[in-house]
Protein chains: 2
Amino acid sequence: MKPGFIHETVVDFQLNTMKKSSVKFSPSDKCPVRTVLDRLGDKWSVLVILLLGAKGSVRFNHIQKEIGDVSQKMLTITLKSLEADGIVSRHVFAEVPIRVEYRLTERGESLLPHIQQLSDWAEENMRQILKDRKQYVA
Amino acid sequence: MKPGFIHETVVDFQLNTMKKSSVKFSPSDKCPVRTVLDRLGDKWSVLVILLLGAKGSVRFNHIQKEIGDVSQKMLTITLKSLEADGIVSRHVFAEVPIRVEYRLTERGESLLPHIQQLSDWAEENMRQILKDRKQYVA
DNA sequence: ACCTTTGGTTACCTTTTGAAACTAACCAGT
DNA sequence: ACTGGTTAGTTTCAAAAGGTAACCAAAGGT
């Protein structure tokens, strides 16, 4: 591991009132891993990428229903952040009612298999992990 | 994607006062992906796994210095949670001063390559992502 | 008796996330 | 014109996660 590979002070410009950009940014490009992994480390990005990867082009409300317990606010922020990173693209259809579809970009598609592997690993190991959690009463 | 693959209500038993277990649990084993991915979705788990994967057996304080901006409290919680999931193991040496080393379990080792791939992807794509972020002024 | 070290824990506070109500824009029925 | 329904958000305020800094326990040195 390179020196300074992980070390970095993260400053997050997230705006609590969603007034301006409402997009999550951790500046300082000193740590390649963390700059990007922080984004995946939020609660919803991975799920959104998996969903778009599985379903192709999906509408806002459909994403929300599919994930089930993401708030509109967090879904908005997550999608905008992923859009800012060039991982998903946003397509507005001037219909009525308005329709907005999201899909993975090429970059998003290149990320997808790695996330799917993680998801597969989780599925393979979850049963035993849940057992271990119950036993762990340290 | 299976029905109910993602949908789930997450209830988190994390204790804010660290009184009892201080370990993060999201029960309800209905969603395999999320049960496990939620753990990786916290701020520090991925970094700890990468570090232990790179360095083998590492002491508490050494992990903290290497990551740089994780607080003792969060590192404790992160390590306990990973231990509860059987991803890292804890080894206490009754020396003086006390020495506690952490390393990946077999399960942790099986998870490592997937996280490393993610990390590699991040490194390959970060330069362009950072550019895109700057341009994104929606 | 006092100081040092490691590996924590605790109380307190700030930032991030969640829940739910509200808005904008447009249409359909009455 | 008025009511209600749709989608895709925003806003407000409370809850949860995370950060800061002080404290503890155990042993060893001086």
Side-chain angles (χ1 to χ4, degrees), chain A residues 8-26 34 38-39 41-45 47-48 57-81 83 88 90-102 138, chain B residues 8-26 38-45 47-48 57-81 83 88 90-102 138:
Chain A
E8 173 201 13
T9 300
V10 170
V11 183
D12 211 329
F13 286 140
Q14 168 104 41
L15 306 169
N16 54 346
T17 49
M18 260 175 74
K19 279 255 167 83
K20 285 182 181 175
S21 78
S22 73
V23 171
K24 268 170 83 179
F25 284 129
S26 319
R34 288 183 52 176
D38 270 6
R39 174 69 29 95
D42 67 23
K43 206 168 172 184
W44 307 112
S45 293
L47 293 175
V48 168
S57 199
V58 191
R59 302 181 64 167
F60 186 91
N61 276 349
H62 188 67
I63 299 174
Q64 205 192 356
K65 270 171 211 151
E66 203 66 30
I67 293 183
D69 62 332
V70 62
S71 63
Q72 281 187 322
K73 175 179 138 190
M74 288 316 297
L75 185 53
T76 305
I77 292 175
T78 302
L79 288 169
K80 278 193 182 169
S81 300
E83 197 195 353
V88 313
R90 187 173 182 274
H91 306 272
V92 182
F93 298 85
E95 300 173 0
V96 82
I98 192 173
R99 180 160 60 101
V100 183
E101 293 194 349
Y102 294 89
Chain B
E8 174 200 13
T9 301
V10 171
V11 183
D12 210 329
F13 286 139
Q14 168 103 40
L15 306 169
N16 54 346
T17 48
M18 256 174 78
K19 281 257 167 83
K20 285 183 181 174
S21 78
S22 73
V23 171
K24 267 170 83 178
F25 283 129
S26 318
D38 270 6
R39 174 71 27 98
L40 303 179
D42 66 23
K43 208 168 170 180
W44 306 113
S45 293
L47 293 175
V48 168
S57 200
V58 191
R59 300 181 66 167
F60 185 91
N61 278 348
H62 188 67
I63 299 174
Q64 204 190 358
K65 271 172 209 149
E66 202 67 30
I67 293 184
D69 61 333
V70 62
S71 62
Q72 276 190 323
K73 176 180 139 187
M74 286 318 297
L75 186 54
T76 305
I77 292 176
T78 302
L79 287 168
K80 277 194 182 170
S81 299
E83 196 195 353
V88 313
R90 186 173 183 274
H91 306 271
V92 182
F93 298 85
E95 299 174 0
V96 83
I98 193 172
R99 180 159 61 102
V100 183
E101 292 192 348
Y102 294 89

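Computed from a prediction, not measured in an experiment: that's the story for all the values here. Letters A, B, ... are given to chains in the order of the sequence lines, protein chains preceding strands, and every chain is numbered from 1.
- Atom CG in L75(A) sits about 11 Å away from atom P in dG18(C), given to the nearest Å.
- Taking atom CE of residue M74(B) and atom C1' of nucleotide dT16(C), one finds them 12 Å apart after rounding to whole Å.
- Put simply, CG on D69(B) is 12 Å from C1' on dG18(D), counting in whole angstrom units.
- Closest of all the heavy-atom pairs between Q72(B) and F60(B) is O-CZ, 3.9 Å.
- Following rounding to the nearest Å, D42(B) (CG) and dA16(D) (C1') show an atom-to-atom distance of 14 Å.
- Between dA22(D) and K73(B), no contact under 4.0 Å exists linking OP1 or OP2 to a side-chain N or O.
- Remark: the K43(B) side chain and the dG18(D) base include no donor-acceptor N/O pair separated by less than 3.5 Å.
- Residues L75(A) and I63(A) have side chains in contact (heavy-atom distance under 4.5 Å, counting atoms from C-beta outward).
- A straight line from CD1 of I77(A) to P of dT16(C) spans 10 Å, rounded to a whole angstrom.
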Between the protein and nucleotides 2-8 of chain D, list every N/O to N/O distance that falls short of 3.5 Å.
residue: dT7(D); atom: O3'; partner: R59(A); partner atom: NH2; Å: 3.0
residue: dT7(D); atom: O3'; partner: I98(A); partner atom: O; Å: 2.9
residue: dA8(D); atom: OP1; partner: R59(A); partner atom: NE; Å: 3.4
residue: dA8(D); atom: OP1; partner: R59(A); partner atom: NH2; Å: 3.4
residue: dA8(D); atom: OP1; partner: V100(A); partner atom: N; Å: 2.6
residue: dA8(D); atom: OP1; partner: V100(A); partner atom: O; Å: 3.4
residue: dA8(D); atom: OP2; partner: N61(A); partner atom: N; Å: 3.3

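- In terms of the side-chain hydrogen bond (donor to acceptor under 3.5 Å, both in side chains) criterion, residue partners of S45(A) (sequence neighbours excluded) are, by chain and number, D42(A).
- Side chain of S71(A), nearest nucleotide from dG18(C), dT10(D), dG19(D): dG18(C).
- Put simply, CZ on R39(A) is 14 Å from C1' on dT16(C), counting in whole angstrom units.
- Interatomic distance, CD1 of I67(B) versus NZ of K43(B), reported as 11.5 Å (0.5 Å rounding).
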Discussion item. Is there a side-chain contact (heavy atoms from CB on, under 4.5 Å) between W44(A) and L79(A)? Walk through the geometry before answering.
Written reply: CA-CA 9 Å; W44(A) 307 112; L79(A) 288 169; over 6 Å; no

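- Between W44(A) and dT16(C), a side-chain N or O to OP1/OP2 separation shorter than 4.0 Å is absent.
- For the pair E95(B) CD and dT6(C) P, the interatomic distance rounds to 12 Å; values are reported in whole Å.
- Partners of R99(A) under the side-chain contact (heavy atoms from CB on, under 4.5 Å) rule, at least two apart in sequence or in another chain, are R59(A), F93(A), E95(A), E101(A).
- Between I63(B) atom CD1 and dT6(C) atom P the separation is 14 Å, expressed in whole Å.
- Residue K73(A) forms a side chain to side chain contact (heavy atoms under 4.5 Å, CB included) with just one option from I77(A), V70(A), T76(A), and that option is I77(A).
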